[in-house]
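Comments concern the structure below.
Hydrogens, waters and symmetry mates play no part in the numbers below; they use all other heavy atoms, side chains included. All values derive from a computational prediction rather than experimental measurement. Naming convention: chains lettered A, B, ... in sequence-line order (proteins, then strands); numbering from 1 in each chain.
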Amino acid sequence: MLTKVRIGSVDVTSHLVKYEYERTYGDLMSEIVFKFITNVNAAITLSSGQTIEVWRGWTTSEDEKIFSGYIEKYEPEGGIITITALDKIWDLVRNEITKSYDSAVDPSAGKISEIFIDIVTTYGGLNADATSVQDSGTTIELEKFVCNHTDPFERCKALANALDWQFYYRADTDLVYFEPKGFTTNANTLTVGTEIQKVPKWNYDITEMINDLTVVGAYQEVETTETGRIGTTLGYETTGIDITFEPISVKVYADAANPPTTLKTGGVVDSTTTYYYYVDKVKKTIVPKPTTAFTNNDYFIVQYSYAQPIPIRQFNDTSIASYGLFTKTITLSDIRSVADAEARATNMLAKYSTPFIYTTLRVINNSTLDLKVGQQIPIVDNISVPAVSQNLVINKLRINYPATYDEIDVGDKYWRLAEFQSNVMEKFKRLEEQELQNNDLLTNLISVNNTSLSPIDVDNRYVKITTQTMSGTNLFILGNTSYGVLGTNRLGATGVGAEVNHFIAQKGNVYTETFYDTDFKETGVGAATWNTGARTLTFNAFEQARSIAIDYNNGTITTATMTVTSTSGTYTLQMSAGASFQTVVSGVPFVFATPGTDLRWRIYEAAGSTGTITQIVISAYH
Amino acid sequence: MANGNVVTTTGRKIAINRIFKATPDYLAPSQFKVGTGTTTPVVADTGLQTPVDITTGVQVKDVLAGYPSLDETNMVATTRTTLFTTDANGNTLTEFGLFNKDGTPKMFSHCVHTAIAKTLSVQIIYIEKDIIT
């Protein structure tokens, strides 16, 4: 492999001993460590912050630019100088941003990708545009994103965490990229024994699993007012007033009149000289200045604000059933609404509720593989047991010079992001715990998912169409040219025919009778009892039950299957397609001797005893 | 042609909207249409395939007074509608659908059935039963 290294405008390749370049999946800066022989100082005076660029190639030394950044430090060690450099993402760390991206006002309108571009270009001084930043869409948006004297790098990480995306700098295009993890796919397949030089050791890990997640977001400041009278109202004493919540800011009115109108001065013990009261936040008490007391019978109004947290809890039933319960609570300080918290919880749960797989691969070094972190690449290992054949994301890439292979860490775990997040989460958690330490107002928002366990379904049961045919002259229908003729038709309705079936069809052509009504009972036939309250069909000795048509004029019926569920009794089961009833066996398809279009059932008690049927299902007739 | 009867996706939208919103966006089904289409009904249907006039220039008619009737024990709604002898004559009817009365009426259910030749001598009664489980 050929290479070229330039510091500033000076080519220092001839002084190079080796380098190791490492780019990590996610959004951390990539780092490169050089070893030069000492005489590089003759070519250029080294200093931290100098630009440094690296190329490698197989035809020329500049086929591919792999690094562009700044010298972080240089360390002489005898005849060797070790230079450590960080890529241009470092510019995001070195700058500062103070801005509030309010979706109602800012041109970014809450779209995360637009906020990212603005932070990187305006406050980081780097390049990013629509070719390198994917459109984050409108499904997950931020109502408000606050950047308060912080570095652009930390804010970019917060945006990436919200979407579970990655960002990184590419030296070959000089652009910052922001995209979903595993966004691009490498068309090459890496096979152990071909492109992969050594049999890898695979890791399956559930230690980072989360399937019961509580997201604690930022707090919202809420104002309240409490009133009372010293010596009368519970908690209102001359020695102090108990309030309900831990206050943030307090205003106290007190005097003998009701309501009190005298605004009292608050202070701090041993700090303020003249004051009437101080606030003990831990005990949630308004306390009179030491050596003084509140006046008995005085009226008090305490107006104060307190912190109301916005937590949300979600869980993944499928993961819990497969792997057991993994519970976690995380604190995200940039959450400002329930909608934000819900979106972040949904995203995290989708990612962490299944096990991670990862390994390190030694890949031959050539110009065709074009390996880049964040790519999905097919990995085939038919040597390990179990075999592996799936797409994995390249989490880390290590390029060494001189060397004939590159190393990549692949998997769907991202330890560094998870570890970073857990470290950050711990920091946030400590900060948030301090802020919310004694806050006893706990709002629990629990997501209850009934869509699989107890869905509500609205469905059709059956349709029945009947007709009445008019005939003769013993009827008069106004407006009817056949039956509304004066002098011919007579008032009355004896010429109106009876209602007869034209069409009956069950939903999905499956008839289920559970006896909660008598819609399909043939009245006047059989003595068996349809108990609509108990939802049973009960028989005494040799009694009969019969239905009306359960499917009528809905196509020719040649076969049907009748399945009867009973708690007791012995029965003769019969069906008719229109001609005559024939005996059938429960659950066994029956072929009618004479096909028809009028399907009915009939049941006899057959043992001279009693019996109870709870359900009849007739299916497979169309 | 295949007969069938379905509650449409629109029908389910009407149901969920009216269950969970204090002020629903959609009206309940209270009128019907008939038609001559023969394509098997599917849940994605939003209208009859070929609706016909019930009275001159009018393709909708109210369900019978007192309907739908609700059985809140068994969660069944029964809708009864009637085509009088003077309605929709001259058509071979094969379709039936329940609709609401939104500005653009939404179809709650769609049924395709065996044909009925509608004449001055025939009165048709449609009985539809729907269930919530």
Exercise for review: Working to the nearest 0.5 Å, report the span between OG1 of Thr538(A) and CD of Glu543(A).
Suggested key: 7.5 Å

Review point. Between Met75(B), Glu128(B), Arg12(B), Arg80(B), which has the largest tally of heavy atom pairs under 4.5 Å with chain A?
Key: Arg12(B)

Practice item. Measure Phe503(A) against the heavy atoms of chain B and call it side chain, backbone, both or neither at under 4.5 Å. Key: side chain

Check your understanding: Between Val7(B), Thr73(B), Thr86(B), which shows the greatest number of heavy-atom pairs under 4.5 Å with chain A?
Key -> Val7(B)

Check your understanding: With no hydrogens and no angle check, is any side-chain donor or acceptor of Asn531(A) less than 3.5 Å from a backbone partner on Gly533(A)?
Key -> no

Practice item. Could you look at Thr85(B) and say if it's the side chain, the backbone, both or neither that has a heavy atom under 4.5 Å from chain A? Key: both

Check your understanding: Relative to chain B, which of Ile504(A), Ile477(A), Asn554(A), Leu478(A) shows the most heavy atom pairs under 4.5 Å?
Key -> Asn554(A)

Exercise for review: Answer with side chain, backbone, both or neither: which region of Ile465(A) has an atom nearer than 4.5 Å to a non-hydrogen atom of chain B?
Suggested key: both

Review point. Taking Val496(A), Asn553(A), Thr469(A) one by one, which has the highest count of heavy-atom pairs under 4.5 Å against chain B?
Key: Asn553(A)

Exercise for review: Answer yes or no: are there more than 12 heavy-atom neighbours, outside Ile16(B) itself, under 6.0 Å from its atom CD1?
Suggested key: no

Point to revise | Minimum side-chain heavy-atom gap Lys101(B)-Asp62(B) below 4.5 Å | key: yes

Exercise for review: Taking the side chain as every heavy atom from C-beta outward, state whether Glu522(A) and Arg600(A) have any pair of such atoms under 4.5 Å apart.
Suggested key: yes

**Study point:** Under 3.5 Å donor-acceptor, Gln506(A) side chain and Asp551(A) backbone
**Key:** no

Exercise for review: For each of Asp517(A), Thr532(A), Asn509(A), Asp519(A), tally heavy-atom pairs with chain B at distances under 4.5 Å, and name the one with the top tally.
Suggested key: Asp519(A)

Review point. Checking Tyr516(A) against chain B: side chain, backbone, both or neither under 4.5 Å from a heavy atom?
Key: both

Check your understanding: Quick one: OG1 on Thr481(A) to CG on Asn89(B), what's the gap to the nearest 0.5 Å?
Key -> 8.5 Å

Check your understanding: How far does CD1 of Ile557(A) sit from CE of Met575(A), to the nearest 0.5 angstrom?
Key -> 9.5 Å

**Study point:** Best-contacting candidate, Phe96(B), Tyr126(B), Phe84(B), against chain A by heavy atom pairs under 4.5 angstrom
**Key:** Tyr126(B)

Check your understanding: Most heavy-atom pairs under 4.5 angstrom with chain A, which of Ile127(B), Ile124(B), Ile132(B), Asn74(B)?
Key -> Asn74(B)

Study note, to complete from the structure: Honestly, the part of Val76(B) sitting under 4.5 Å from a heavy atom of chain A is side chain

